[in-house]
Amino acid sequence: MQALRTLAVLDLPDWLVFSGAIYQRVFNDLTGRPLDYGIKDYDVAYHDASDISYEAEDAVIRRVAAEFEPPLREMVEVRNQARVHVWFEGHFREPYSPLASSAEALTRFVSPVFAVGVRLGRDDRMTVHAPFGLEDLFAMRLRPNPSRLSPNYDRIAGSAKARWPEIEVIR
């Protein structure tokens, strides 16, 4: 909640906290583990197509980092979803077309269980984006994204299964 409240005040354009920061906490709650178990970072997305340069994104990363004290400062990972297509293929060896919003990024995640994003409004109302629904998340079921078959799926699923042996992995 500290991260969400800080981000709500910063009010980045079209921001969401998604992926591990969401599904890992749900898995931890469902399995009785400490809520921070297995969490390496808090993925923060924003979408600003007005400047997709590395320098503009880096300025936002620094602005966000300045609002957090360690250890959160080192755990908050900010990325402009409007520029993911610039670096994604070189990093993951998969093509990636430009995104129109942060929520659209969720539709491209490796598994529906990862494709959940939240935003806290200044009025403390939570907005949840889950383009594939929440059934897989609460069933602890990891399956491939039906609209994006990633060659990295098995590696990612194996990593999740090692941390949460209770999950069902569908190949």
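What you see is a predicted model; the values in this text were computed from it and never measured.
- Aromatic ring centres of F109 and F132 lie farther apart than the 6.0 Å criterion allows.
- Ion pair K40/E77 not flagged as a salt bridge, since none of the NZ, NE, NH1 or NH2 atoms sits closer than 4.0 Å to an Asp/Glu carboxylate oxygen.
- Using a 4.5 Å heavy-atom threshold, the side chains of D41 and V76 count as separate.
- Taken from CZ in F114 to OG in S111, the straight-line distance is 5.0 Å, to the nearest 0.5 Å.
- Cluster membership check: W15 shares its hydrophobic cluster with V116, using side-chain heavy-atom separations under 4.5 Å among Ile, Leu, Val, Met, Phe, Trp and Tyr.
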Exercise. Step by step, work out the side-chain contact (heavy atoms from CB on, under 4.5 Å) result for L7 and V64.
Key: CA-CA 8 Å; L7 291 162; V64 171; 4.2 Å; yes
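- The pair D136-R143 counts as a salt bridge, with a side-chain nitrogen and a carboxylate oxygen less than 4.0 angstrom apart.
- Checked for salt-bridge contact, R148 and E94 meet the test: a charged N lies under 4.0 Å from a carboxylate O.
- P131 and A115 get closest at one heavy-atom pair: CD-O, 3.4 Å.
- No side-chain heavy atom of R63 sits less than 4.5 Å from a side-chain heavy atom of V78.
- Put simply, the side chain of N28 gets close to the backbone of Y37: a donor and an acceptor are under 3.5 Å apart.
- Counting only heavy atoms from C-beta outward, the side chains of V44 and R79 never approach each other to under 4.5 Å.
- When the side chains of ILVMFWY residues are joined at heavy-atom separations under 4.5 Å, either directly or via intervening members, V113 and L35 end up in two distinct hydrophobic clusters.
- Around CZ of R93, the count of heavy atoms belonging to other residues, nucleotides or ligands within 6.0 Å does not exceed 12.
- Counting only distance, with no hydrogens or angles, the side chain of R141 and the backbone of E168 share no donor-acceptor pair below 3.5 Å.
- Using cut-offs of 30° and 60° on the angle between ring planes, the pair F27 and Y23 is perpendicular.
- Of the possible polar contacts, one joining the K161 side chain to the I167 backbone as a donor-acceptor pair under 3.5 Å is found.
- Hydrophobic clustering (ILVMFWY, side-chain heavy atoms < 4.5 Å, transitive): M1 and Y42 are in one cluster.
- Atom CG of residue L72 and atom OG1 of residue T6 lie 8.0 Å apart, to the nearest 0.5 angstrom.
- Counting heavy atoms from C-beta on, the side chains of D48 and N80 come closer than 4.5 Å.
- Residues Q24 and W164 are in side-chain contact: their nearest non-hydrogen atoms beyond the backbone lie under 4.5 Å apart.
- Of all the heavy atoms in A82 and H85, the pair that sits closest is O-CE1, 3.1 Å.
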Exercise. Could you go through the side-chain contact (heavy atoms from CB on, under 4.5 Å) check for V118 and T127 one step at a time?
Key: CA-CA 5 Å; V118 300; T127 300; over 6 Å; no
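- Ion pairing between a basic and an acidic side chain is recognised when a charged N comes within 4.0 Å of a carboxylate O; R62 and D58 show such pairing.
- For the pair F18 and A105, the tightest heavy-atom approach, listed with the atom from each and the gap, is CE2-CB, 4.3 Å.
- Separating the CG atom in D43 from the CE atom in M75 is a distance of 10.5 Å, to the nearest 0.5 Å.
- I156 and F88 are not part of a single hydrophobic cluster, where members link through side-chain heavy atoms under 4.5 Å apart.
- T107 contributes a side-chain N or O that, together with a main-chain N or O of E104, makes up a donor-acceptor pair within less than 3.5 Å.
- Using a 4.0 Å cut-off between a side-chain N of Lys or Arg and a carboxylate O of Asp or Glu, R83 and D51 do not qualify as a salt bridge.
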Practice problem: Quick one: do I170 and L142 satisfy side-chain contact (heavy atoms from CB on, under 4.5 Å)? Show the steps, please. | Solution: CA-CA 6 Å; I170 299 169; L142 192 87; over 6 Å; no
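- Going from atom CZ of R5 over to atom CZ of R122 covers 14.0 Å, rounded to the nearest 0.5 Å.
- Distance check: N152 CG to L149 CG gives 12.0 Å after rounding to the nearest 0.5 Å.
- Both L12 and L106 are members of a single hydrophobic cluster when ILVMFWY side chains are connected at heavy-atom separations under 4.5 Å.
- Remark: side-chain polar atoms of S102 are paired, donor with acceptor, to backbone N or O of D14 under 3.5 angstrom.
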Quiz item: Could you walk me through whether L30 and V26 pass the side-chain contact (heavy atoms from CB on, under 4.5 Å) check?
Solution: CA-CA 6 Å; L30 292 173; V26 172; 3.8 Å; yes
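- Judged by the 6.0 Å and 45° rule, R108 forms a cation-pi pair with Y96.
- In this structure a side-chain-to-backbone donor-acceptor pair under 3.5 Å is missing from R119 to L16.
- Judged by distance alone, the side chain of Q81 and the main-chain N or O of Y46 form no donor-acceptor pair under 3.5 Å.
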